[in-house]
Amino acid sequence: MALITPRLPIPHDKLLDLLLDVVCVIDIDGRFLSVSAASERVFGFRPEEMIGRTAFEMMHPEDRDASLALVQHINAGSPWTWS
């Protein structure tokens, strides 16, 4: 008779690190609070390099104004549609 050992649940932060997509949690100011491991493959930054920084610090300067307008729009509770 084979013994079955119970599997411990995977902690949520480790579960997110198994995904191929980047999953981020940011605060209202756009500062990264949590970033999954895929960030290194997708953005070229390890999660620990991103934590505490804003997305605006890491994007091309020409994209900042449009991105800031989008964030303000979302934070105001307005729906966003791509045109």
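Quantities reported herein were computed from a predicted structural model and do not represent experimental measurements.
Atom CD of E48 is surrounded by more than 12 heavy atoms from other residues, nucleotides or ligands within 6.0 Å.
Judged by the 6.0 Å distance and 45° axis criteria, R53 is positioned over the aromatic ring of F45.
The structure places SG of C24 at 10.0 Å from CG of L16, a figure rounded to the nearest 0.5 Å. One finds the CG atom of L68 at 13.0 Å from the NE2 atom of H73 (value rounded to the nearest 0.5 Å).
Side-chain atoms of D27 come within 3.5 Å of backbone N or O of D29 as a donor-acceptor pair. Checked by atom type and distance alone, the side chain of D17 never pairs as donor or acceptor with a backbone atom of S36 at under 3.5 Å. A distance-only check finds a donor-acceptor pair linking the side chain of S67 to the backbone of D63 [under 3.5 Å]. Side chain of R46 to backbone of E40: no donor-acceptor contact under 3.5 angstrom is found.
The hydrophobic clustering, which links ILVMFWY residues whose side-chain heavy atoms are closer than 4.5 Å, places I26 and F43 together. With hydrophobic clusters built from ILVMFWY side chains whose heavy atoms lie under 4.5 angstrom apart, M58 shares a cluster with I51.
Proximity of F32 to V25: side-chain heavy atoms (C-beta onward) are nowhere separated by under 4.5 Å. Put simply, the side chain of P61 reaches to within 4.5 Å of the side chain of R64, judged on heavy atoms.
M50 and V35 make their closest contact through SD-CG1, 3.8 Å (heavy atoms, listed as atom of the first residue, atom of the second, distance).
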Discussion item. Quick one, V22 with R41, criterion side-chain contact (heavy atoms from CB on, under 4.5 Å). Give me CA distance, side-chain angles, the key distance, then yes/no.
Written reply: CA-CA 9 Å; V22 178; R41 182 180 53 80; over 6 Å; no
